Amino acid sequence: MDFDTITSISTPMGEGAIGIVRLSGPQAIGIGDKLYKGKKKLSEVNTHTINYGHIIDPETNEIVEEVMISVLRAPKTFTREDIIEINCHGGILTINRILELTMTYGARMAEPGEYTKRAFLNGRIDLSQAEAVMDFIRSKTDRASKVAMNQIEGRLSDLIKRQRQSILEILAQVEVNIDYPEYDDVEDATTEFLLEQSKNIKEEINRLLDTGAQGKIMREGLSTVIVGRPNVGKSSMLNSLIQDNKAIVTEVAGTTRDVLEEYVNVRGVPLRLVDTAGIRDTEDIVEKIGVERSRKALSEADLILFVLNNNEPLTEDDQTLFEVIKNEDVIVIINKTDLEQRLDVKEVKEMIGDIPLIQTSMHKQEGIDELELQIRDLFFGGEVQNQDMTYVSNSRHIFLLKQARHSIQDAIDAAESGVPMDIIQIDLTRTWEILGEIIGESASDELIDQLFSQFCLGK
């Protein structure tokens with residue numbers, strides 16, 4: 001597949017020690033030769049080398065920057081095209097001037113994700129691996145990055161390809177039955193083979209989907225909202241979990257006026273931790289906006305940490321809040337145990353039933369370990385599964401796997417009911433196509449364009 005030559009800045013914008021301008025395409029080295037002055041032309045140096053010299057403006061012969069240029073020749077590159085990477089000082093003015101020169105002399109600005117898209121279109125990686133590249137960049141914890149790296153290395157792709165191959169073998173056997181319908185023993189053998197293999201495929205799909213909950217949490221983080229009346233210690237809890245003073249803590253009720261969000265790794269579980277404004281009726285217009293945002297965050301939460309004040313009896317607001325959240329995944333926290341107990345703990349336990357209850361003192365940093373363990377136990381059954389496992393962490397993949405499971409079950413049901421083989425073949429083919437969408441072998445151009453448009457520029 002023939003492409004033009006693209007260019008972009010591949011390092012974050014702003015001042016830094018190093019900035020990189022990357023070019024990929026058939027004219028990448030040629031454009032580099034027009035701008036580079038060193039001991040040798042870039043077209044004469046060995047591949048996979050880094051070369052010292054200067055970038056010049058060909059029109060004025062002015063030295064623009066002192067650089068190191070990496071030369072990577074196709075096909076052993078990320079895009080399977082010729083690539084050069086111009087390493088320069090990380091000043092905004094300098095790096096933009098080099099970028100402009102590369103465009104002046106034949107390259108065009110890359111679209112978001114276009115390098116990875118070319119790697120996919122040139123057959124270096126499949127679609128699930130391409131998506132994992134972005135997951136790796138955006139990962140918030142070590143475990144999330146390891147899940148993404150496993151997918152980049154093709155573990156999920158290999159599993160999907162094996163299942164698709166199994167389906168092709170079933171379809172080939174079905175074709176034999178269709179071509180030779182007069183032999184009853186062929187039909188019986190084919191049906192038996194179909195059922196056995198289809199059930200194996202369904203079992204493998206189920207195994208992957210079983211990892212989906214953990215994988216999705218590790219990829220996106222568990223949306224965890226801290227709720228409660230004003231001044232029960234929500235912001236102190238946020239600060240304790242992230243081990244930083246991000247939220248302002250005072251004795252004044254209503255200090256938190258807006259939703260604060262931080263990522264934190266709790267016992268291997270990545271949390272997208274949200275501290276909300278205390279939910280209460282208020283006439284303060286700013287606080288009222290914060291309360292509304294808190295209610296919205298509450299409706300979108302995966303986990304709710306409901307905080308009560310040990311130093312105050314239950315109020316009507318507490319009971320109203322509990323009614324709102326009681327059908328969600330909730331951990332109830334009685335905070336401020338260092339103060340005089342005025343809360344009826346027995347009443348709270350009767351009200352919450354089997355919902356986990358933790359007692360803490362944020363002031364004395366007591367109960368935090370127990371809270372972290374409870375969060376882990378609630379979602380991962382006490383332990384995160386082996387790091388070497390192949391996880392499904394992408395919502396698109398999970399959706400497609402569920403569709404594939406439904407389709408293969410239709411084939412199994414049809415075979416067990418004695419439906420003609422050519423009808424069963426439709427369900428099997430549909431399963432094969434759905435699994436192909438995960439790795440991009442049967443994905444539409446529109447889907448591919450949409451997925452890569454979400455990538456950062458320069459990747």
Side-chain angles (χ1 to χ4, degrees), residues 140 221-267 269-280 282 284 286-287 289-291 293-298 301-315 317-322 324-325 328-345 348 352 355-378:
K140 300 294 190 299
L222 193 68
S223 179
T224 306
V225 177
I226 307 173
V227 297
R229 289 184 295 107
N231 209 28
V232 295
K234 298 185 300 298
S235 296
S236 296
M237 183 168 296
L238 174 79
N239 290 340
S240 293
L241 289 170
I242 67 174
Q243 299 180 358
D244 197 358
N245 293 321
K246 289 294 183 73
I248 299 173
V249 178
T250 74
E251 296 296 325
V252 179
T255 299
T256 302
R257 298 298 189 93
D258 203 351
V259 170
L260 303 177
E261 186 174 305
E262 289 290 335
Y263 276 90
V264 60
N265 185 359
V266 172
R267 310 283 172 145
V269 184
L271 303 187
R272 184 159 53 86
L273 202 58
V274 180
D275 177 26
T276 62
I279 297 179
R280 64 172 179 176
T282 177
D284 186 310
V286 177
E287 188 179 356
I289 294 171
V291 170
R293 290 183 179 179
S294 297
R295 293 184 188 277
K296 184 175 186 296
L298 199 59
D302 298 315
L303 171 64
I304 297 168
L305 303 181
F306 179 29
V307 187
L308 299 170
N309 189 347
N310 181 64
N311 191 232
E312 296 176 352
L314 277 178
T315 67
D317 286 339
D318 289 325
Q319 293 173 341
T320 301
L321 257 178
F322 178 71
V324 172
I325 66 177
E328 308 295 334
D329 284 316
V330 181
I331 297 175
V332 175
I333 299 148
I334 298 177
N335 190 35
K336 302 191 179 183
T337 55
D338 53 301
L339 301 179
E340 180 185 351
Q341 181 177 333
R342 294 174 181 165
L343 181 69
D344 187 339
V345 177
V348 173
I352 66 175
I355 291 174
L357 175 67
I358 306 292
Q359 298 191 46
T360 64
S361 169
M362 294 300 134
H363 179 67
K364 292 186 175 181
Q365 291 294 290
E366 293 175 351
I368 297 298
D369 287 345
E370 188 181 354
L371 174 60
E372 291 181 351
L373 289 170
Q374 185 63 61
I375 291 171
R376 187 193 66 181
D377 292 352
L378 187 61

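This is a predicted model, so every value here is computed, not measured.
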Arg342 and Asn311 have their tightest heavy-atom pair at CD-O, 3.0 Å
Ile334 and Leu357, any side-chain heavy atoms less than 4.5 Å apart
yes
Go through the structure and list residues passing side chain to side chain donor-acceptor pair (under 3.5 Å) with Ser361, not counting sequence neighbours.
Asp338
Minimal heavy-atom distance between Phe306 and Val330, with the atoms involved, is CB-CG1, 4.0 Å
Look up atom CG in Leu339 and atom NZ in Lys364, then write down how far apart they are to the nearest 0.5 Å.
9.0 Å
Kindly give the heavy-atom pair with the smallest separation between Met362 and Ser236, and that separation in Å.
CB-CB, 3.7 Å
Side chain to side chain donor-acceptor pair (under 3.5 Å) with Gln365: which residues, sequence neighbours excluded?
Ser240
For the residue pair Asn310 and Thr337, what are the closest heavy atoms and their distance?
ND2-CA, 3.7 Å
Distance, nearest 0.5 Å, that separates CD1 of Ile333 from OG1 of Thr360:
6.0 Å
Could you check whether any side-chain N or O of Asn335 sits under 3.5 Å from a backbone N or O of Val232, counting only pairs where one atom can act as donor and the other as acceptor?
yes
Check whether any side-chain heavy atom of Leu305 sits under 4.5 Å from a side-chain heavy atom of Leu371, and report yes or no.
yes
Drop me the distance from Ile355's CD1 to Asp329's CG, to the nearest 0.5 angstrom.
9.5 Å
By salt bridge (Lys or Arg N to Asp or Glu O under 4.0 Å) - contacts of Glu312 (at least two apart):
Arg229
Determine the minimum heavy-atom distance between Asn309 and Lys336, stating which atoms define it.
OD1-CD, 3.4 Å
